[in-house]
Amino acid sequence: MLSLPLLRHTDVPPRVTENFILSGYRFPNYSLRQCLVSAFRPTNETGNFWTHFLPIFVFAFHFLEVFTWEGAAEPSNPFFYPFWNYFLGVLYLLLASSLAHLLNSMSLIIREICFFVDYGTISAYTVGSSLAYYYYIHPQAGIPEIGFGGLNSTQMKSLNANDEAWPSASSPTQFQLFFESLYIPSSCLVAIVCVITCCNTRQCWRRYRYAVRTLVFLLPFFVSSTPVFYRLSVSSPSSSSPHLFSTMAAFFYRHCFWLVVSALFNISKIPERFSPGNFDIWGHSHQWFHCCTFLSILDELQMIKVEMQALLLNPTLVLSPAMPPRLPGPTLWSTYGVMLLLQGCIACIIAGFGWQAYQIYAPEQKKLKVH
């Protein structure tokens, strides 16, 4: 299987080719076993697989560090429900992306479905981020009375990073109403719109598909990052926790930087645009895109951990009497339930586009098998 010939862009169906990648293509009739073995030979998808598969283990290492903190509750504690959902969102994204690049040569239909699932997991990741932001970075975030060991009730009620900037309960602002009622539903709705749009680019807007897919995910980024934008706009390094604020801000700015760089790689197709054929196997733009997106996720994780640590371990920040009540603690329904409902909607969307792909590519796939 390691000796199966790799093909040039002129020898495979046009649907399989990528801009400025001239060689290293696998024939689109690989078996599952052949696809798995191809992870260990140089093809134009090998780097795409490993640059999202290996980061799974790096992310898991940094994620699990939280549960070693002094005073942290058991991993099953409700306080960590949003954090686990964030983990699942990132895991789905990295695993689906790596497997999509590994298995997409089985058939034209499976190729389409692989990338439909990939787009779906990106949207699930954005909602997982929103849940973490809502419960850990939300201006009213705090530790509910859920029985944390090592912290008494007075300490738990005193934890807060930026309470002084939040309006009083008697005069709720549009920001407050949005956070409390529309933030999570908006994140889910935007995620569904993004899946539909990205799946459509497999047939429509083919010439501008990379730009459309990249730009369409700016919307969930801006929606999910609303709590962070608010915190940065109303707080300052001179607030009650200057070190925590500056650390959170630094991670967020780096998160944004890596997202911008990854978008530039994905749209520009640099470096292979300037030297077609020389980056077919290693170093082409999609591999750099994968690396930069993972670095952005890693900085996002560190930002969330900073906020969680402030909630768990800093009892010196005092809650203002004018503050509205804290958010209700996370529940199974408000975290896992939201993600499960979203996944069901995304699965229905993928099934619809998958059936459409089957109708379009089944005749062509039969010709390829005969050939």
Side-chain angles (χ1 to χ4, degrees), residues 1-56 92-122 195 198-203 206 209-210 213 265-266 269 272 276-291 293 350-351 353-371:
M1 285 185 289
L2 292 174
S3 63
L4 288 172
L6 297 178
L7 307 177
R8 291 186 61 80
H9 67 291
T10 54
D11 301 322
V12 295
R15 293 288 306 181
V16 176
T17 61
E18 298 290 342
N19 295 338
F20 313 110
I21 302 296
L22 306 183
S23 63
Y25 291 96
R26 297 170 296 174
F27 189 78
N29 271 328
Y30 270 39
S31 67
L32 175 61
R33 186 181 180 189
Q34 289 170 329
C35 285
L36 296 177
V37 171
S38 70
F40 301 97
R41 65 177 303 201
T43 74
N44 56 25
E45 292 284 25
T46 303
N48 294 337
F49 168 75
W50 289 109
T51 50
H52 261 180
F53 186 73
L54 291 178
I56 292 174
Y92 293 159
L93 184 155
L94 296 176
L95 188 59
S97 175
S98 56
L99 291 180
H101 287 289
L102 187 64
L103 305 179
N104 64 43
S105 65
M106 294 180 67
S107 73
L108 293 177
I109 299 170
I110 291 178
R111 178 184 178 86
E112 296 298 299
I113 294 174
C114 281
F115 288 112
F116 292 156
V117 173
D118 190 15
Y119 306 145
T121 57
I122 295 174
V195 175
C198 287
C199 289
N200 267 317
T201 63
R202 305 296 299 179
Q203 296 298 330
R206 288 281 300 168
R209 61 190 183 277
Y210 296 109
R213 292 170 196 164
F265 274 120
N266 199 37
K269 297 302 168 187
E272 66 267 20
N278 289 328
F279 297 96
D280 290 351
I281 307 300
W282 304 109
H284 58 74
S285 60
H286 205 79
Q287 295 169 11
W288 291 111
F289 165 71
H290 276 192
C291 292
T293 53
I350 292 173
F353 279 101
W355 174 246
Q356 183 184 59
Y358 174 79
Q359 292 178 311
I360 294 173
Y361 294 112
E364 186 175 350
Q365 188 63 40
K366 290 179 181 178
K367 293 179 183 179
L368 287 173
K369 289 183 177 180
V370 171
H371 176 73

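Only this structure's heavy atoms are used, side chains among them; waters, hydrogens and symmetry mates stay out.
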Taking only residues two or more places apart in sequence, or in another chain, which ones meet Glu18 in a salt bridge (Lys or Arg N to Asp or Glu O under 4.0 Å)? Arg111
Partners of Glu112 by salt bridge (Lys or Arg N to Asp or Glu O under 4.0 Å), sequence neighbours excluded? Arg15, Arg202
Which residues pass the side chain to side chain contact (heavy atoms under 4.5 Å, CB included) test with [X], sequence neighbours left out?
| X | answer |
| --- | --- |
| Ser105 | Arg26, Tyr30, Cys35 |
| Ile122 | Leu93, Asp118, Phe217 |
| Ile110 | Met106, Ser107, Cys114 |

Mind running side chain to side chain contact (heavy atoms under 4.5 Å, CB included) on Asn48 and His290 for me, showing each step along the way? CA-CA 7 Å; Asn48 294 337; His290 276 192; 4.2 Å; yes
Please lay out, stage by stage, how Tyr210 and Asn19 fare under the test side chain to side chain contact (heavy atoms under 4.5 Å, CB included). CA-CA 11 Å; Tyr210 296 109; Asn19 295 338; 4.0 Å; yes
Looking only at non-hydrogen atoms, find the nearest pair between [X] and [Y] and report the distance.
| X | Y | result |
| --- | --- | --- |
| His286 | Asn266 | ND1-OD1, 4.0 Å |
| Asn44 | Ile281 | N-CD1, 3.8 Å |
| Cys198 | Tyr119 | O-CE1, 3.5 Å |
| Phe27 | Leu7 | CD1-CD1, 3.6 Å |
| Trp288 | Gly283 | NE1-O, 3.1 Å |
| Val195 | Gly120 | CG2-CA, 3.9 Å |

If we ignore angles and hydrogens, is there a donor and acceptor under 3.5 Å between the side chains of His284 and Gln287? yes
Distance check, rounded to the nearest 0.5 Å: [X] atom [atom1] versus [Y] atom [atom2]?
| X | Y | atom1 | atom2 | result |
| --- | --- | --- | --- | --- |
| Ser98 | Trp50 | OG | CH2 | 9.5 Å |
| Leu108 | Ile113 | CG | CD1 | 11.5 Å |
| Glu45 | Leu6 | CD | CG | 11.5 Å |
| Phe265 | Ser285 | CZ | OG | 8.0 Å |
| Thr201 | Arg213 | OG1 | CZ | 3.5 Å |
| Phe116 | Asn200 | CZ | CG | 8.5 Å |

Asp11: what forms a side chain to side chain donor-acceptor pair (under 3.5 Å) with it, not counting sequence neighbours? none
Using only atom types and a distance under 3.5 Å, with no angle test, would you say the side chain of Glu272 pairs donor to acceptor with the backbone of Asp280? no
Before we go on, tell me: are the rings of His101 and His52 under 6.0 Å apart, centre to centre? no
